[in-house]
Asks: 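So that we are looking at the same thing, I have put the structure below in structure tokens.
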Amino acid sequence: DEQISLLSRIVSNQCGGKFSFFSAHASNSFALATFFSFLFKNLKYLRIIVLFLAILIAYSRIYIGVHYPLDVITGASVGLIISITYIHFLNKYLKNRFFIY
């Protein structure tokens, strides 16, 4: 839109790929953040730092203009679901007691 183009900073001319829907950067960062949050459940500051980095990575996708906000939200949700499923698998089938939630 020409009226708001002067108010925004656009790094990339194209938002999203040709067939891209959700952000893989957001998905991967939230999957790792969730996994490490369960792994280091006693270290509150480390959990906060890891979550902050995941949010920062997800926001950077919107900021540089390669994904829409819904792409990032969907990617973060997919990462959370994959990580929680993996943690559940570890608890149920491998009898690993490190990941009790």
Side-chain angles (χ1 to χ4, degrees):
D1 189 19
E2 292 180 16
Q3 293 177 344
I4 64 169
S5 67
L6 299 175
L7 300 174
S8 64
R9 178 180 179 270
I10 299 174
V11 179
S12 174
N13 291 342
Q14 181 180 4
C15 199
K18 187 175 180 183
F19 298 109
S20 172
F21 173 58
F22 70 87
S23 171
H25 282 92
S27 179
N28 292 335
S29 63
F30 271 89
L32 286 173
T34 305
F35 181 75
F36 285 128
S37 291
F38 280 102
L39 184 64
F40 301 116
K41 61 185 175 213
N42 296 328
L43 302 173
K44 181 180 177 182
Y45 294 115
L46 183 62
R47 293 172 69 183
I48 291 171
I49 290 170
V50 169
L51 181 62
F52 176 74
L53 287 174
I55 292 170
L56 190 65
I57 291 169
Y59 176 72
S60 75
R61 304 288 92 201
I62 300 169
Y63 181 76
I64 64 172
V66 294
H67 284 288
Y68 292 110
L70 186 62
D71 298 347
V72 172
I73 291 169
T74 305
S77 300
V78 168
L80 286 169
I81 291 169
I82 289 172
S83 186
I84 289 171
T85 304
Y86 183 69
I87 291 167
H88 179 72
F89 171 77
L90 288 176
N91 277 332
K92 187 171 183 177
Y93 296 110
L94 299 180
K95 306 291 186 216
N96 193 341
R97 299 295 174 212
F98 293 115
F99 308 106
I100 298 174
Y101 58 94

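Numbers for residues simply follow the sequence, beginning at 1.
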Asks: Measure the spacing between CG of Leu90 and CZ of Phe38 and express it to the nearest 0.5 Å.
Replies: 11.5 Å
Asks: With a cutoff of under 4.5 Å between side-chain heavy atoms, which Ile, Leu, Val, Met, Phe, Trp and Tyr residues group with Ile62?
Replies: Val72
Asks: Mind checking the OG-CG spacing from Ser27 to Asp71? Nearest 0.5 Å is all I need.
Replies: 12.0 Å
Asks: Nearest 0.5 angstrom please: His67 NE2 to Ser23 OG, how far?
Replies: 4.0 Å
Asks: For Tyr59, what residues pass the side-chain contact (heavy atoms from CB on, under 4.5 Å) criterion, not counting sequence neighbours?
Replies: Tyr63
Asks: Count I, L, V, M, F, W, Y as connected when their side-chain heavy atoms are under 4.5 Å apart, and connections chain through other members. Are Phe36 and Phe30 then in the same cluster?
Replies: no
Asks: List the atom pairs, with distances to 0.1 Å, where a side-chain N or O of residues 73-82 and a protein N or O form a donor-acceptor pair under 3.5 Å, not counting sequence neighbours.
Replies:
unit_1, atom_1, unit_2, atom_2, d
Thr74, OG1, Leu70, O, 2.8
Ser77, OG, Ile73, O, 2.9

Asks: Phe52: which residues meet the side-chain contact (heavy atoms from CB on, under 4.5 Å) condition with it, sequence neighbours left out?
Replies: Leu56
Asks: Could you tell me which residues satisfy side-chain contact (heavy atoms from CB on, under 4.5 Å) with Leu46, sequence neighbours excluded, listed by chain and number?
Replies: Phe40, Leu43, Val50
Asks: What is the distance from atom CD1 of Ile55 to atom CG of Leu51, rounded to the nearest 0.5 Å?
Replies: 4.0 Å
Asks: Apply side-chain contact (heavy atoms from CB on, under 4.5 Å) to Ser37 and list each qualifying residue two or more places apart in sequence or on a separate chain.
Replies: Arg47
